[in-house]
Amino acid sequence: MPLAAMASASSSSSRPRWSRSILAAALLCCIAALVSSAAGAGGLGPISTNGRNYTKVCDAARFVALGLDMSRFRYCDASLPYAARVSDLVGRLQLEEKVRNLGDQAEGAPRVGLPPYKWWGEALHGVSDVGPGGTWFGGAVPGATSFPLVLNSAAAFNESLWRAVGAAVSTEIRAMYNLGHAELTYWSPNINVVRDPRWGRASETPGEDPFLVGRYAVNFVRGMQDVGRYGYGGDPFSRPIKVSSCCKHFAAYDVDAWFKADRLTFDARVEERDMVETFERPFQTCIRDGDASCVMCSYNRINGVPACADARLLSETVRAQWQLHGYIVSDCDSVRVMVRDAKWLNYTGVEAAAAAMKAGLDLDCGMFWEGARDFFTTYGVDAVRQGKIKEADVDNALGNTYLTLMRLGFFDGMPEYESLGAGDVCTDEHKELAADAARQGMVLLKNDARRLPLDPNRINSVSLVGLLQHINATDVMLGDYRGQPCRVVTPYNAIRKVVNATYVHACDGGGAACDTAKIADATIVIAGLNMSVERESNDREDLLLPWNQTGWINAVAAASPTPIVLVIMSAGGVDVSFAHNNTKIGAILWAGYPGEEGGTAIADVLFGKHNPGGRLPLTWFKNEYVSQIPMTSMALRPDAANGYPGRTYKFYAGPAVLYPFGHGLSYTTYSYASRTTGAAVTIPIAAWEHCKMLTYNESAGAPSPPPACPALDVAGHRCDEAVSFTLTVRNTGGAGGDHVVPVYTAPPAEVGDAPLKQLVAFRRVFVPAGAAAEVPVTLNVCQAFGIVEETAYTVVPSGASKVIVGDDALALSFAVTINLRM
Ligand SMILES: *[C@@H]1O[C@H](CO)[C@@H](O)[C@H](O)[C@H]1NC(C)=O
Ligand SMILES: *[C@@H]1O[C@H](CO)[C@@H](O)[C@H](O)[C@H]1NC(C)=O
Ligand SMILES: *[C@@H]1O[C@H](CO)[C@@H](O)[C@H](O)[C@H]1NC(C)=O
Ligand SMILES: *[C@@H]1O[C@H](CO)[C@@H](O)[C@H](O)[C@H]1NC(C)=O
Ligand SMILES: *[C@@H]1O[C@H](CO)[C@@H](O)[C@H](O)[C@H]1NC(C)=O
Ligand SMILES: *[C@@H]1O[C@H](CO)[C@@H](O)[C@H](O)[C@H]1NC(C)=O
Ligand SMILES: *[C@@H]1O[C@H](CO)[C@@H](O)[C@H](O)[C@H]1NC(C)=O
Ligand SMILES: *[C@@H]1O[C@H](CO)[C@@H](O)[C@H](O)[C@H]1NC(C)=O
Ligand SMILES: *[C@@H]1O[C@H](CO)[C@@H](O)[C@H](O)[C@H]1NC(C)=O
């Protein structure tokens with residue numbers, strides 16, 4: 001969403017300040033008033049404050065009120081298959097009516113009983129009122145549970161947590177829908193990988209690893225979409241969904257605004273290998289394994305073609321190859337952006353709208369600038385009349401959107417959710433889940449001489465030092481795409497509950513105000529960033545702490561009689577080398593943007609009520625890294641010609657890492673053991689066409705002669721081989737704890753240009769003090785040992801791959817030798 005829209009979206013008012021919305025709101029209030037008196041007399045279900053006075057479209061009384069007889073409309077015949085009903089509905093519409101339903105503010109068609117629908121919804125980490133959709137707070141629903149930002153939840157490496165959060169969010173949406181406070185379609189999650197540490201939207205995403213991001217996507221989407229009664233089986237085109245979830249932004253989108261580069265005009269130059277291996281992978285997982293009912297295409301161009309007009313990406317890949325059962329929506333205004341900003345092929349509005357629809361775009365989200373509508377609605381009729389698209393293309397797009405609404409029960413209702421109401425929003429259970437998510441995602445980066453946890457029985461006074469926005473973080477913890485939270489528990493509030501004498505030293509005015517820090521038993525500094533530094537439409541230029549925080553943190557540390565504790569609020573990594581080096585800074589905790597219950601989670605970790613188990617979902621680089629590579633370079637691998645060092649833990653092997661991907665300490669210690677010392681897999685190859693050549697690295701012992709079959713093309717293989725082993729995780733310390741077991745593979749050393757290692761599995765387990773947990777791991781050979789070769793085929797290389805379990809000093813590894821037998 002462009003910046004101007006966000007400025008209004010984040011205002012404190014409970015309604016987004018959109019000029020059109022204000023008009024609409026004024027109109028709707030009057031309709032609601034009318035409806036309210038009508039219903040008072042007759043009674044027709046709940047009275048909606050967003051103008052909706054029905055809970056399902058196919059309600060006979062609703063048709064009567066419109067002067068229609070529902071029995072004459074086959075699209076309301078619940079005995080027919082959805083596809084037949086949707087084609088009946090679309091077939092009744094005239095071209096002009098059809099086109100008025102191709103934008104996010106679909107107007108409906110009263111003539112045939114079809115009501116308007118506001119498609120735009122956001123639920124990144126809780127129900128949000130960002131955008132001119134149908135979600136609003138006030139009245140019966142003053143707020144909704146604001147979970148930690150996605151990067152925090154990702155740091156928990158806990159798949160059931162992500163699913164539980166998705167399920168809680170969708171329950172709150174269903175409750176709000178029943179009350180006329182929400183619609184049923186939400187454009188979350190954001191699953192672009194954080195390719196560059198400067199990216200402003202890191203908070204919204206699950207981090208830098210495509211596998212981790214994909215697993216987050218599957219679980220969040222299934223939490224949002226799965227209806228208990230139906231689970232995940234049955235015909236995917238008619239399986240009911242609780243709330244529609246959307247994987248965005250497809251694809252290769254992760255430059256927002258960096259110096260002169262702007263996402264609206266950015267043309268990402270991407271090699272096919274990086275597309276397959278990194279940029280597309282989370283989307284493939286989200287659609288194939290999560291069955292997300294929506295994909296959003298991005299603003300940027302990829303190798304010259306706007307993502308939202310790229311038939312190969314939308315029609316061939318998303319819809320045909322990955323089998324999307326749902327609709328494709330544009331990021332808001334991206335069709336206009338092709339004409340206005342990218343000036344792509346000098347296209348007119350009609351041409352751009354036609355190109356996007358032909359490429360596979362179903363719904364155009366538009367921003368209503370200066371009273372204009374989205375491009376599909378504005379130019380759709382002309383595009384058909386001028387022969388640039390066929391009316392059948394419009395029908396196809398509407399088929400995809402209305403089928404999604406059918407699955408949501410928009411037409412027929414969804415009995416299991418109809419009793420949900422205001423009492424199901426901001427429940428104690430959801431607030432506790434938000435606190436638990438925040439706790440699970442806390443990452444302990446440094447803990448010299450066991451500075452943490454603090455003992456509440458020995459600490460009688462605490463100095464809390466930092467900027468007020470971090471100490472009293474009513475705003476910063478909620479991050480972007482927030483709604484109205486149920487409440488906010490600030491670090492100050494939560495720490496004060498543990499230690500009565502908590503003194504606040506606000507450093508907003510520079511160093512002087514922090515001097516009193518020396519009087520307390522313990523000094524806790526809370527520092528970091530906020531959305532003026534990292535946000536959508538705002539990438540960072542460096543990785544340092546802004547606003548002179550480094551200066552006064554060092555001064556406070558020097559003045560404190562005991563080593564201080566530093567808590568960092570940020571999404572992207574911050575170069576806190578100064579703190580890592582400083583012996584007067586005993587511990588560093590990354591708290592991210594932990595949501596409305598964040599203060600509780602921070603206090604629980606600092607005072608030992610919770611033993612931290614989170615891991616960094618992205619590399620924390622030292623600041624020197626960003627001078628080595630421009631943000632606009634999309635390649636993941638090192639680029640010798642330009643001197644670029646490579647990106648993410650998979651390809652960067654240089655010295656500019658402060659804390660690696662997967663780093664995270666605990667208050668206890670663990671040891672690993674496994675009986676497995678290695679494995680061998682022989683795969684008989686049926687025919688030569690399943691073999692691919694590989695690039696070998698001469699200096700790493702390229703095999704000579706090369707093997708008869710260097711690598712197996714997984715596309716033509718059944719892929720049922722697996723490698724299994726069991727890991728014993730022993731808690732050798734004094735505190736029970738959650739421990740994340742990451743499993744990586746590394747391809748044979750002689751394979752050139754390969755990832756250093758790649759995450760292929762992970763599991764979070766609780767291990768009581770002194771006890772052990774058995775973690776069984778099964779790795780599918782194609783999925784776990786597959787790599788993407790130069791020409792973008794996914795292949796399993798022959799030779800000795802490695803399995804690496806764990807990070808840091810704990811890592812244990814063994815070889816898996818893969819023999820491809822001709
Ligand atoms: C429901 O609202 C619509 C306007 O949005 C109105 O035309 C219709 O009469 C209302 N129906 C009832 C039964 O109140
Ligand atoms: C994972 O998250 C779920 C849901 O919040 C929680 O019940 C479970 O304890 C977590 N697992 C571990 C090992 O922390
Ligand atoms: C677009 O139009 C401008 C001005 O007429 C022209 O200079 C330019 O070459 C055109 N670009 C393309 C891609 O056709
Ligand atoms: C911090 O917030 C608390 C209430 O949560 C308030 O009492 C206190 O005055 C605030 N501190 C400052 C310095 O504004
Ligand atoms: C806080 O201080 C008051 C007054 O000294 C005392 O009554 C109370 O028990 C203290 N609370 C905690 C949590 O220590
Ligand atoms: C930064 O902090 C140091 C140490 O407290 C102080 O001496 C200096 O004046 C501060 N600079 C600014 C620009 O606030
Ligand atoms: C971020 O913090 C800076 C420095 O205190 C402040 O000027 C700015 O307004 C803050 N921005 C937001 C979005 O809170
Ligand atoms: C931290 O210590 C390392 C190693 O001694 C040194 O290279 C680096 O310059 C130090 N960084 C800071 C910010 O003090
Ligand atoms: C080739 O192998 C050498 C030695 O292991 C290593 O230093 C180098 O980075 C490798 N090059 C590539 C392109 O993988």
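Whatever order the structure lists them in is the order used to number ligands and atoms, beginning at 1. Just so you know, residue 1 is the first one in the sequence shown, and it goes up from there. From a predicted model like this one, the values you see are computed outputs, not experimental measurements.
- Below 3.5 Å of separation, one finds no N or O of Asp475 facing any N or O of ligand 7.
- Between Tyr744 and Tyr649, the gap from one ring centroid to the other is short of 6.0 Å.
- Note: Asn530 CG to Ser570 OG = 11.0 Å, rounded to the nearest 0.5 Å.
- One finds no salt bridge joining Arg195 and Asp274 here, because no Lys/Arg side-chain nitrogen approaches an Asp/Glu carboxylate oxygen to under 4.0 Å.
- For a threshold of 3.5 Å applied to N or O pairs, the pair formed by Trp547 and ligand 7 contains no separation below that value.
- Atoms of ligand 2 found under 4.0 Å from any heavy atom of Asp436, numbered from 1 in the order shown, are 5 (O).
- Classification of Asp480 and Arg535 as a salt-bridged pair holds, one side-chain N sitting under 4.0 Å from a carboxylate O.
- Against a heavy-atom cut-off of under 4.0 Å, Leu161 is close to the following atoms of ligand 2: 2 (O), 4 (C), 5 (O).
- A salt bridge links Arg439 with Glu432: at least one charged nitrogen is closer than 4.0 Å to a carboxylate oxygen.
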Scan the side chains in residues 148-155 for donor-acceptor partners under 3.5 Å anywhere in the protein, sequence neighbours excluded, and list what turns up.
from, atom 1, to, atom 2, distance (Å)
Asn152, OD1, Tyr593, N, 3.0
Asn152, ND2, Ala591, O, 2.8

query: Is there a ring pair (Phe, Tyr, Trp, His ring centres under 6.0 Å) between His610 and Tyr667 once you walk through the steps?
result: CA-CA 9 Å; His610 178 80; Tyr667 296 153; 8.8 Å; no
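- Those atoms of ligand 2 that come under 4.0 Å of a heavy atom in Asn158, given as number and element, are 1 (C), 2 (O), 3 (C), 8 (C), 10 (C), 11 (N), 12 (C), 14 (O).
- Ring to ring, Trp162 and Phe220 are not that close: their centroids are 6.0 angstrom or more apart.
- Close contacts between ligand 2 and Val765 involve ligand atoms 13 (C) [criterion: under 4.0 Å to a heavy atom].
- Within 4.0 Å of ligand 9, protein heavy atoms come from Asn697, Ser699, Ala700, Asp753.
- Remark: ligand 2 atoms within the under-4.0 Å shell around heavy atoms of Phe766 are 13 (C).
- Side-chain atoms of Glu750 and Asn697 include no donor-acceptor pair closer than 3.5 Å.
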